[in-house]
Engineer: 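Got a structure here, written out as structure tokens. Questions coming.
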Amino acid sequence: MKALAIENLEKFTSESDNKQILSFQDPAYPRPHLRRSNWQSLDGQWKFAFDDEGNCSQPGDLSQWTHHIEVPFAPESTKSGIGDTGFHANCWYEREFETPAGEGRFLLHFGAVDYRARVWVNDQYLAEHEGGHTPFSIDITHVLNDSGKTKVTVWAQDDPHELAKPRGKQDWQLEAHSIWYPRTTGIWQTVWLERVGTTYVDHIRWSPNFERWEIGCCVALAGDVPVSGIQMKVKLSVGGKVLANDTYEVFDGEVSRRIALADPGIDDYRNELLWSPERPTLIDAEIQLVYNNQVLDAVKSYTALRTVSIQRDRFMLNGRPYYLRLVLDQGYWPESLMTAPDDDALRRDVELAKAMGFNGVRKHQKIEDPRFLYWADVLGLLVWEEMPSAYRFSHKAVERMTHEWTEVINRDINHPCIVAWVPFNESWGVPNLVETAAHRNYVLAMYYLTKTLDPSRPVIGNDGWESTDTDILAIHDYDTQPQQLVHRYGPEVKLSDLFERKRPGGRILTLDNYPHQGQPVMLTEFGGIAYAPATQPQADKAWGYERCWNITELEMKYAALLETVNNIEIFSGFCYTQFTDTFQEANGLLYGDRTPKFPIEAIRAATLSGQGLCTPTAC
């Protein structure tokens, strides 16, 4: 029988589905780091049609709209109103809405469309975007008309059999099998319209520097940018206390400055301003563009003063050793697949992870909705961000991965919750890593590209095994016998011997010519103990690395395993598999509906057992 739902979590009231022009304070704003007052959600009912044969290349080719779909839910999900999990390589969307009043430019934003999208507005073709996990925006001002109505048409192409593109856990077989899940086709994140001035802030990059006690601010403008005369005002504050209120001249359409903060000196006082899971202090930011004493654009954002680094064999947060207790999070929901049912669900996942004693999640094979990262920032949860894998090595796969991973980093670099980047997992997409130089060079290239785009965070080149250059040596080991883990990683084991042994799947931990150089060692996948009640549909097909047949057995095995791992001194952190049951994978600590399998207090006690109880100030 399922455990009772947690009673001590905050209840979070869902906002109305009928969003109109909303204010800065609206918690569901789709882009947390660049918020304006004038925006409108286009989620809701759209016309929809499959085009399995690919006969249509423009809106006029479509003979009829056969369905209606609830955007942003994928047609494979029941939440979309369609629930068709068959093979569909092409689909079409269309929606008409009232054109908002007001001067300026109108930007049409797509959170994510899987995998390739073309967009028409009022039957005029405007843009194409490739990459199923990253956003894109279109200035539609020039195609608006006087009718008072605006029509958006979208064609989404996503070959379900194509393995040379980043697809993560989306299955290429008709029915979900093993560790792969139902596909996600087309629009799966919010579509929204925003009105901006003729000159506006295009993007912001925050670069906190803990050692120098300063915040880097880089702002780029777009639209009609005057040659000179624009000023940018930046105000930083925490809890109403102003930290900085500066004005800068804009040159060549951008501003790049470092804002020095008053150093509070004593550690106890510093901790009041530092961001950590235990104290997730955010710095509110207000930015205005001013020209001839007129405000051209006003946006709100936020940042945080925190730093992550590697010092010898330890992960460091804000200059102190910090033990990572992560849980593997696939980011799926039974009725809505990769799209959260609502913003409340994203917040609740963050709250549940923390309630179970974890201080972070490894988002596995998914680039999560920015709203999840927002709640992780606000509530204090560390995130390892991992690129969804392609499953074939080719020049096209390399081009796609490089392009989309760059977009991912650019989208999410401002989130203080993100403390590591993971471009590859378990040699997926580079199956001949040991034997083939091109595969090794690919992993190395992505590692160094990531460190070039963001020098401030650790990068795990290939999580699991067969490491080349990496900042953390990440090990996957699903042996659920505690004594076997002690035998492999316990105090009697010499660190040098660890790398001579093969791991699950016959894999070695480090490739030749890439010896371990003292980096932290972490057990980043382990556990995977399945339990599914006999009353659950297809319970006999429930999958896991080990199977329990009653809740008591699961609770005892989890407690024993976590106590063992927490007490293995070689580890600087761990990641347990996994957060929730995900379709046929029944190895979650929670069921798919987020109900705990055994009391959450017991999960928390086991997660926190042993010596792995480091805080930002002690380890």
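Quick note: numbers below take in every heavy atom, side chains included, and nothing from hydrogens, waters or symmetry partners.
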Engineer: Side chains of His516 and Thr510: donor-acceptor distance under 3.5 Å anywhere?
Structural biologist: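 Checked: His516/Thr510 side chains show no N/O donor-acceptor pair below 3.5 Å.
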
Engineer: Looking at Glu214, is its backbone amide N or carbonyl O close enough to the side chain of Asn209 to form a donor-acceptor pair, meaning the two atoms are under 3.5 Å apart?
Structural biologist: no

Engineer: Is Glu385 salt-bridged to Arg362, cutoff N-O under 4.0 Å?
Structural biologist: no

Engineer: For the residue pair Tyr302 and Tyr374, categorise the inter-ring angle as parallel (less than 30°), tilted (30 to 60°) or perpendicular (more than 60°).
Structural biologist: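 Plane angle over 60°, so perpendicular.
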
Engineer: Under 4.0 Å between a Lys/Arg side-chain N and an Asp/Glu carboxylate O for Lys363 and Glu386?
Structural biologist: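 No, Lys363 and Glu386 are not salt-bridged.
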
Engineer: Going through the distances and angles, do Val219 and Ile287 end up as a side chain to side chain contact (heavy atoms under 4.5 Å, CB included)?
Structural biologist: CA-CA 9 Å; Val219 175; Ile287 293 177; 4.1 Å; yes

Engineer: A quick test of your reading: do over 12 heavy atoms of other residues, nucleotides or ligands sit less than 6.0 Å from NZ of Lys235?
Structural biologist: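 No, not enclosed.
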
Engineer: Are Ile367 and Pro388 packed together at the side-chain level, in the sense that at least one heavy-atom pair is separated by less than 4.5 angstrom?
Structural biologist: yes

Engineer: How long is the gap from OH on Tyr322 to OG on Ser309, to the nearest 0.5 Å?
Structural biologist: 14.0 Å

Engineer: Keeping Asp369 on the side-chain end and Met338 on the backbone end, is there a donor-acceptor pair under 3.5 Å?
Structural biologist: no

Engineer: So, Glu249 and Gln231: side-chain donor and acceptor under 3.5 Å apart, yes or no?
Structural biologist: yes

Engineer: Quick one: do Val493 and Arg488 satisfy side chain to side chain contact (heavy atoms under 4.5 Å, CB included)? Show the steps, please.
Structural biologist: CA-CA 7 Å; Val493 178; Arg488 276 199 283 276; 5.8 Å; no

Engineer: Glu404 side chain to Gly132 main-chain N or O, any donor-acceptor pair under 3.5 Å?
Structural biologist: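 A pair under 3.5 Å: yes.
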
Engineer: Side-chain donor-acceptor pair under 3.5 Å between His403 and Glu399, yes or no?
Structural biologist: no

Engineer: Determine the minimum heavy-atom distance between Pro135 and Arg411, stating which atoms define it.
Structural biologist: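 Reported closest heavy-atom pair: CD-CD, 3.6 Å.
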
Engineer: Begin with the C-alpha distance, continue with both residues' side-chain angles, and end with the deciding distance and a verdict on ring pair (Phe, Tyr, Trp, His ring centres under 6.0 Å) for Phe110 and His129.
Structural biologist: CA-CA 10 Å; Phe110 292 85; His129 178 263; 9.3 Å; no

Engineer: Take atom CZ in Arg258; do more than 12 heavy atoms of anything else shown fall under 6.0 Å from it?
Structural biologist: yes

Engineer: For the backbone of Ser609 and the side chain of Asn566, can you confirm whether one donor and one acceptor N or O come within less than 3.5 Å of each other?
Structural biologist: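 The answer is yes, because a donor-acceptor pair under 3.5 Å joins these two groups.
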
Engineer: Among residues at least two apart in sequence or on other chains, which ones pass ring-ring contact (aromatic ring centres under 6.0 Å, His included) with His133?
Structural biologist: none

Engineer: Under a 3.5 Å threshold, yes or no: a donor from one side chain and an acceptor from the other, between Trp333 and Thr339?
Structural biologist: no

Engineer: Any luck finding a side-chain donor-acceptor pair between Thr577 and Tyr478 under 3.5 Å?
Structural biologist: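 Yes - a donor-acceptor pair under 3.5 Å links their side chains.
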
Engineer: So does Ala474 get a backbone contact from the side chain of Asp463, meaning a donor-acceptor N/O pair under 3.5 Å?
Structural biologist: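 Judged by distance alone, no pair lies under 3.5 Å.
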
Engineer: Where the side chain of Gln365 meets the backbone of Ser389, is there a donor-acceptor pair that is under 3.5 Å apart?
Structural biologist: yes

Engineer: Taking Ser276's backbone N and O only, do any of them form a donor-acceptor pair with Arg279's side chain (distance below 3.5 Å, no angle check)?
Structural biologist: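 Side chain of Arg279 to backbone of Ser276: no pair is present.
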
Engineer: What's the spacing between Thr303 OG1 and Ile215 CD1 if we round to 0.5 Å?
Structural biologist: 5.0 Å

Engineer: Has Trp275 got a side-chain atom pairing as donor or acceptor with Gly380's backbone, closer than 3.5 angstrom?
Structural biologist: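 No.
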
Engineer: Hey, mind stepping through Trp421 and Trp384 against ring pair (Phe, Tyr, Trp, His ring centres under 6.0 Å) and telling me if it holds?
Structural biologist: CA-CA 6 Å; Trp421 302 109; Trp384 281 26; over 10 Å; no

Engineer: Counting only N and O atoms by type, is there a donor-acceptor contact under 3.5 Å from the side chain of Thr470 to the main-chain atoms of Gly461?
Structural biologist: yes

Engineer: Minimum heavy-atom separation for Pro423 to Met387, with atom names?
Structural biologist: O-CB, 3.7 Å

Engineer: Using modelled atom types and a 3.5 Å cut-off, is there a donor and acceptor pairing between side-chain atoms of Ser137 and backbone atoms of His109?
Structural biologist: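 No, Ser137 side chain to His109 backbone: no donor-acceptor pair under 3.5 Å.
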
Engineer: Does a donor on one side chain sit under 3.5 Å from an acceptor on the other, for Tyr447 and Asn462?
Structural biologist: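 Absent: no donor and acceptor within the cut-off.
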
Engineer: Out of Thr406, Ile409, Leu444, which one pairs with Leu449 under the side chain to side chain contact (heavy atoms under 4.5 Å, CB included) rule?
Structural biologist: Thr406

Engineer: For the atom pair CD1 (Ile603) and CG (Leu590), what is the distance rounded to the nearest 0.5 Å?
Structural biologist: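 Here the rounded value is 6.0 Å.
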
Engineer: Given the rule in the ring pair (Phe, Tyr, Trp, His ring centres under 6.0 Å) test, do His415 and His33 qualify, once you have shown the distances and angles that lead to the verdict?
Structural biologist: CA-CA 8 Å; His415 287 282; His33 276 109; 4.5 Å; yes

Engineer: What heavy-atom pair brings Gln288 and Ala298 nearest, and what distance separates the two atoms?
Structural biologist: CG-CB, 4.2 Å

Engineer: Between Glu194 and Arg31, does a salt bridge (Lys or Arg N to Asp or Glu O under 4.0 Å) hold up when you go through it step by step?
Structural biologist: CA-CA 11 Å; Glu194 182 178 40; Arg31 187 186 52 205; 3.0 Å; yes

Engineer: Kindly compute the distance separating CG (Leu324) from CG (Leu523), expressed to the nearest 0.5 Å.
Structural biologist: 12.5 Å

Engineer: Regarding Thr607 and Tyr558, do their side chains bring together a donor and an acceptor under 3.5 Å, going by distance alone?
Structural biologist: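 Yes, because at least one side-chain N or O of Thr607 sits under 3.5 Å from a partner of the opposite role on Tyr558.
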
Engineer: May I ask you to say whether Arg594 pairs ionically with Asp349, meaning some side-chain N is under 4.0 Å from a carboxylate O?
Structural biologist: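 A salt bridge links Arg594 with Asp349.
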
Engineer: Any idea which heavy atoms bring Pro458 and Asp471 closest together, and the distance?
Structural biologist: CA-OD2, 3.4 Å

Engineer: For the CD atom on Glu130, are there more than 12 heavy atoms of other groups (residues, nucleotides or ligands in this structure) within a distance under 6.0 Å?
Structural biologist: yes

Engineer: Between Val521 and Asp313, is a side chain to side chain contact (heavy atoms under 4.5 Å, CB included) present by the stated rule, with each step listed?
Structural biologist: CA-CA 7 Å; Val521 177; Asp313 64 343; over 6 Å; no

Engineer: Would you call Asp297 and Arg36 a salt bridge, using N to O less than 4.0 angstrom?
Structural biologist: yes

Engineer: Considering all heavy atoms of both residues, which atom of Pro30 and which atom of Pro370 are nearest to each other, and what is their separation?
Structural biologist: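 Closest approach of Pro30 to Pro370: O-CB, 3.8 Å.
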
Engineer: Going through the checks in order, is the ring pair (Phe, Tyr, Trp, His ring centres under 6.0 Å) test met by Tyr442 and Phe424?
Structural biologist: CA-CA 10 Å; Tyr442 181 22; Phe424 287 96; 4.9 Å; yes

Engineer: Going by distance alone, is a donor N or O of one side chain under 3.5 Å from an acceptor N or O of the other, for Tyr448 and Asp469?
Structural biologist: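 There is such a pair between these side chains.
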
Engineer: With side chains defined as the heavy atoms from C-beta onward, is the minimum distance between Val361 and Leu326 less than 4.5 Å?
Structural biologist: no

Engineer: Once rounded to the nearest 0.5 Å, what's the spacing between atom CZ of Arg440 and atom CG of Asn513?
Structural biologist: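 Going from the CZ atom of Arg440 to the CG atom of Asn513 covers 8.0 Å.
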
Engineer: Considering non-hydrogen atoms only, spot the tightest contact between Ile283 and Leu305 and give its length.
Structural biologist: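 Heavy atoms of Ile283 and Leu305 come nearest at CD1-N, 4.1 Å.
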
Engineer: Test the Arg347-Trp375 pair against the cation-pi criterion, namely NZ or CZ under 6.0 angstrom from the six-membered ring centroid and within 45° of the ring axis.
Structural biologist: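 Judged by the rule (NZ or CZ under 6.0 Å from the ring centre, within 45° of its axis), Arg347 counts as positioned above Trp375.
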
Engineer: Can you confirm whether Leu274 sits close enough to Arg306 that some side-chain heavy atom of one is under 4.5 Å from a side-chain heavy atom of the other?
Structural biologist: no

Engineer: Within this structure, what is the CG-CH2 distance for the pair Leu261 and Trp213, rounded to the nearest 0.5 Å?
Structural biologist: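 Here the rounded value is 7.5 Å.
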
Engineer: Among Leu243, Asn245, Asp246, which one satisfies side chain to side chain contact (heavy atoms under 4.5 Å, CB included) with Ile259?
Structural biologist: Asp246

Engineer: Do Glu466 and Ser427 get their side chains close enough for a donor-acceptor pair, meaning under 3.5 Å?
Structural biologist: yes

